[in-house]
Amino acid sequence: MIDNNAQMRLRKLPGVDRLLQMPETAVLLTTYGRTLTVEALRHTLEDTRTGLLQGQVTATSAALNASVPGPTRLVQAAADWLENLLTPSLRPVINATGVIVHTNLGRAPLSQAARQAIDAAARGYSNLEYDLAAGKRGSRHAHATQLLPRLTGAESSMVVNNNAAAVLLMLTALCHGRQVIISRGQLVEIGGGFRIPDVLAQSGATLVEVGTTNRTHLRDYARAINEQTAAILVTHHSNYKIVGFTNEPSLAELAELAHTRQLPLLFDQGSGALLDTSPFGLDPEPTVPGGIQAGCDLVAFSGDKLLGGPQAGILVGRADLIARCQQHPLARAVRADKLCLAGLSATLTHYVQEEALTAVPVWRMISMSVIEVTAVAQEWLAHLDAHGIAAELVDGESTVGGGSLPGTSLPTRLVSLATTNPDALAARLRAEAIPVIGRIQDGRYLLDPRTVLPEQVDDLWQSLVNCARTEN
Ligand SMILES: *Cc1c(COP(=O)(O)O)cnc(C)c1O
């Protein structure tokens, strides 16, 4: 039943034509065009009508206690609707979680040089598949690959879309229809449903599991080798640790075994660490050059974990095996795009020039001492204090993340914001124009300066000040 009151109110609502005449609508028409603007006005009117009929306070009429919103108010609601529609869903956020390679937050932030290289490649044409010296068709595999052998000690290399693709391509091209031997302790699920046994099945290779969850010996591998065997696969644990009574043969031992039986040793290294993590107080992460040096025939790794570049999957190793991967039809389906190749080349250049610790954000964060973090945290504290926002410094830990170095962390200094309701504060900070993602621990809302990019500090402060104003 529609009561008379509601009917009367509905009649007071202006029509779309009237709203289109409003001076405020002119801006919308120039910004969004007629079709979208009309849709927004219709939507707003419909929404308001429904709200009035149900006697509810709708978003449109929120402040008006269910009285009929005027035309200005309606146009404003339409403008909000349009802005919301056209705000990209993928947006920059401020990572104050202290997790350096945060998979949910887009993994590695890129260096300035990498961003410039991507911009240059995006802007116009490039010699992506053009040989400038010869003046004819070239190969996209020429890009980024001139630096990878130098950095890893491998003979040859190729770049694909991501490491999952690199592993799939390597297994499909080299092991399809044959057997691959892997330790039961390495049947990993990386996250997002990426499971090594599933990838093996996808590649058309048959999985031969050896050893036990905690202990696998060289002789277990040796016994499993037969004329159907195509390769031995080693997968880096990445995101978990087996502690206690454990054993795994070293890569060098496995390489020797594989080679005496004329088999390749394939290594899914995962993180793409080119540098040793132990000088920074972290556990030693297996490195890509370490894998090649140990005798692995192919090593697969990500471009956007510890390498600190764009999303990519990289294969390095023996030239004949790389050639087989390049020639496989799947290579086309998983190829890297020009933006990735441009960003990756620039990132690799930092390693060649031995400036990765300062130029590659991921490594700058890893190598930041607690003294440096404290200095930043104190600066934030002074700024917050000047705006009447109560906060204090507390000790804590940052982690590398990205499915690498589980169970090890970097000491850090956190900014703890005074709040009676950390969940509500977290929600408000996530709703800011540039959302801030911190962490809640023991009832505190914490920000870790280690993972906040220097160029985002002003935005962070702005968001904190905005939220402090609306607290209470
Ligand atoms: C992360 C990871 C993968 C998947 O790499 P993506 O770049 O996410 O596709 C595969 N294997 C290992 C061991 C990893 O750590």
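Each ligand, and each atom within it, is numbered from 1 in the order the structure gives. Basis for what follows: all heavy atoms, side chains included, without hydrogens, waters or symmetry-related copies. Computed from a predicted structure; not experimentally measured.
Heavy atoms from other residues, nucleotides or ligands lying under 6.0 Å from CZ of R150 number 12 at most. Annotation: E83, atom CD; neighbour count of heavy atoms from other residues, nucleotides and ligands within 6.0 Å does not exceed 12. Summarising the local packing, CD of Q228 is surrounded by more than 12 heavy atoms from other residues, nucleotides or ligands at distances under 6.0 Å.
Protein residues with a heavy atom closer than 4.0 Å to ligand 1 are R107, N162, N163, A164, I190, F194, H236, S238, D268, G270, S302, K305, listed by chain and number.
With no hydrogens or angles considered, no side-chain donor-acceptor pair links N214 and T246 at under 3.5 Å.
For R215 and F245, the positive end sits near the middle of the six-membered ring, less than 6.0 Å away and at most 45° from its axis.
Of all the heavy atoms in A356 and L275, the pair that sits closest is CB-CD1, 4.1 Å.
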